[in-house]
Number of protein chains: 2
Amino acid sequence: MSRGTLVAMGAAAERRERLRDEFRREIVGAARRIVVEDGYAALTMRRIGEAIGYSAASIYQYFANRDAIAGALMEEGFVELVEAFAPAATIADPLSRLKAVGRAYVRFGLTRPETYRLMFMEDPKITAGVLEGSAGENSAGMRAYAAILEPLVQLFERGRLRDDLTPPVAADVMWISLHGLVSLKLTCPKFPATPDDALLDATMETLACGLLQ
Amino acid sequence: MSRGTLVAMGAAAERRERLRDEFRREIVGAARRIVVEDGYAALTMRRIGEAIGYSAASIYQYFANRDAIAGALMEEGFVELVEAFAPAATIADPLSRLKAVGRAYVRFGLTRPETYRLMFMEDPKITAGVLEGSAGENSAGMRAYAAILEPLVQLFERGRLRDDLTPPVAADVMWISLHGLVSLKLTCPKFPATPDDALLDATMETLACGLLQ
DNA sequence: GTCTATAGGCTGATAGAC
DNA sequence: GTCTATCAGCCTATAGAC
């Protein structure tokens, strides 16, 4: 809610809105716990209702439908991803920063499998909705992307990027590889037989050697 | 069914078995069409029954449950993937062969989204079952993996592989990147903003530069 | 605002008739 | 072997009482 909307309301309406927001957050919190514990398929209105001590029907007062709750959950996921990038983002050297961001991405995905799955592997409709709805702005999704792009821009400016690449293309290649590592490990933990750590090291080194000159 | 089993049966039993196999194939064929058209979630016993002109209950005479059908569908997917690799596998130069296999993999995934999704993005339980159940043998899954591994072995033998890599690790890095490209495009077609072709070119070139020395 | 009740679906799987 | 009927559940979403 914008500041403009707030000042236009009376104090009572304002308090009501605050309570409403709190309730919405409670719903999303419960939804997160359900998804983390039992996956996206287990996210039903009944289970959310149970978790917050209300009937399923009440939830429709706060969210239009189940997809809207999943969308809110995804947005929270992007905020967490940006937070996971924060320590890496302070590193001065762009190549070290890029590598640290990459490692943070993979750690995020492997330690929050169900959140990651919801954000990037589950429902194209909802993922598209959240990414498009928040594109262009200073959204968490764009800030996460920027954390990968920005070190590559700096490397490009220093003439370190392979010369057939532009920073956005290099960022997409990087993202693809990181996503591939996380998502393949989430769906078939056994098969890429290389252990997680060695695979991450080899992937980061391959990207560093392959993207730079 | 093994040859040994066949010769131990009478001619009548043999014919019965052949009919049974034919029926099983019909079921899997119908299942494939449903998954291709409407996705894995639409794969229900009732819909399969409708498609083959039998009741849902009859299917349980041929498959233990729905997961067994999904597993059979995945195995067919691996066979198709190996077939998709066939033209590339004849190329003599190992680097050209590796690149052609990579392109064939991405084409397979992007042109059969629902099959690919079922094989690598959907249900860890079934994917694990099929990959483990067919590991070690001359299964389609292993042959698909071999198509990526083998050119890398040849490059390794010629001393062309980056020297901190072994062929299996390099194969896993390659697979991860290809899978990342396909799976990200399937879940959010819009966001990695680089067009498919340019992204594939950039990824293959990055892998070639990054894995080799 | 919250509830119960319910419409109107869907699912996998099985029992028992034929 | 195939069927119908059914069990035992699940779901989203809404109407209408309070």
Side-chain angles (χ1 to χ4, degrees), chain A residues 1 9-10 12-31 33-35 37-74 118 122-123 125-126 129, chain B residues 9-10 12-31 33-35 37-74 114 118 122-123 125-126 129:
Chain A
M1 164 150 6
M9 288 191 307
E14 195 177 326
R15 206 179 101 256
R16 211 185 31 153
E17 273 305 322
R18 218 173 36 236
L19 281 171
R20 195 179 159 76
D21 270 19
E22 207 169 297
F23 209 124
R24 285 174 62 97
R25 266 193 294 276
E26 209 170 317
I27 290 168
V28 175
R33 286 191 298 277
I34 292 164
V35 167
E37 271 165 46
D38 296 321
Y40 180 51
L43 185 67
T44 67
M45 303 306 260
R46 280 172 174 75
R47 268 199 70 175
I48 297 170
E50 249 173 69
I52 60 173
Y54 284 82
S55 75
S58 306
I59 300 167
Y60 289 92
Q61 294 287 326
Y62 300 91
F63 286 94
N65 51 40
R66 198 190 81 133
D67 285 5
I69 298 173
L73 213 47
M74 273 188 55
L118 173 65
E122 211 76 66
D123 191 331
K125 209 174 61 228
I126 300 173
Chain B
M9 288 190 307
E14 194 177 325
R15 208 179 101 256
R16 213 184 30 150
E17 274 303 322
R18 218 174 38 236
L19 282 170
R20 196 180 157 76
D21 271 20
E22 207 170 298
F23 209 123
R24 286 174 60 98
R25 267 194 293 276
E26 211 170 317
I27 290 167
V28 175
R33 287 191 297 277
I34 292 165
V35 167
E37 271 166 45
D38 296 322
Y40 181 50
L43 185 66
T44 68
M45 302 307 262
R46 279 171 175 77
R47 266 200 74 175
I48 297 170
E50 247 172 71
I52 61 173
Y54 284 82
S55 74
S58 306
I59 300 167
Y60 289 92
Q61 295 286 328
Y62 301 90
F63 286 95
N65 51 39
R66 197 190 82 132
D67 285 4
I69 298 173
L73 212 47
M74 273 188 55
E114 293 300 344
L118 173 64
E122 210 77 65
D123 191 330
K125 207 174 64 229
I126 299 174

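Worth saying up front: this structure is predicted, and the values here are computed from it rather than measured. Residue numbering restarts at 1 for every chain, and letters A, B, ... go by the order of the sequence lines.
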Counting the atoms with a prime plus P, OP1 and OP2 as sugar-phosphate, which does Y62(A) contact under 4.0 Å by heavy atoms, base, sugar-phosphate, or nothing?
sugar-phosphate
Would you check if F63(B) and V28(B) make a side-chain contact, meaning some heavy-atom pair closer than 4.5 Å?
yes
How many whole angstroms separate atom CZ of R20(B) from atom P of dG1(D)?
7 Å
Residue closer to the 5' end of DNA chain D, A56(B) versus R47(A) (nearest nucleotide)
A56(B)
Any side-chain heavy atom of L43(B) sitting closer than 4.5 Å to one from R47(B)?
no
Could you tell me the separation between the CZ atom of R66(A) and the P atom of dA13(D), rounded to a whole number of Å?
8 Å
Contact between E17(A) and R20(A) at the side-chain level, heavy atoms closer than 4.5 Å - yes or no?
yes
With the side chain of F23(A) defined as its heavy atoms from C-beta on, choose the nearest nucleotide among dG1(C), dC3(D), dT2(C).
dT2(C)
In this structure, how many angstroms lie between the P atom of dC10(D) and the CG atom of D38(A), rounded?
14 Å
Nearest-angstrom distance from the residue atom CZ of F63(B) to P of dG1(D)
15 Å
Between I69(B) and A31(B) the two heavy atoms that sit nearest each other are CG2-CB, 3.7 Å
In terms of side-chain heavy atoms of A57(B), which of dT14(C), dT4(C), dT2(C) is nearest?
dT14(C)
Please state how far atom OH in Y40(B) lies from atom P in dC10(C), giving the value in whole angstrom units.
19 Å
Can you tell me if the side-chain N/O atoms of S58(B) get under 4.0 Å from OP1 or OP2 in dT2(D)?
no
For a quick check of understanding: with a heavy-atom distance under 4.0 Å over all strands, which category does I48(B) fall into, base, sugar-phosphate or nothing?
nothing
Value in whole Å for how far the P atom of dG9(D) lies from CE of M45(B)
20 Å
Any base atoms under 4.0 Å from T44(B), or only sugar-phosphate, or nothing? Heavy atoms, all strands.
sugar-phosphate
Checking R66(A) against Y40(A): charged group under 6.0 Å from the ring centre and within 45 degrees of the axis?
yes
Value in whole Å for how far the P atom of dT2(C) lies from CD1 of I52(A)
9 Å
Atom CG of N65(B) and atom C1' of dA13(C) are separated, to the nearest Å, by 9 Å
Between Y60(A) and S55(B), whichever has its closest DNA chain D nucleotide further toward 5' is S55(B)
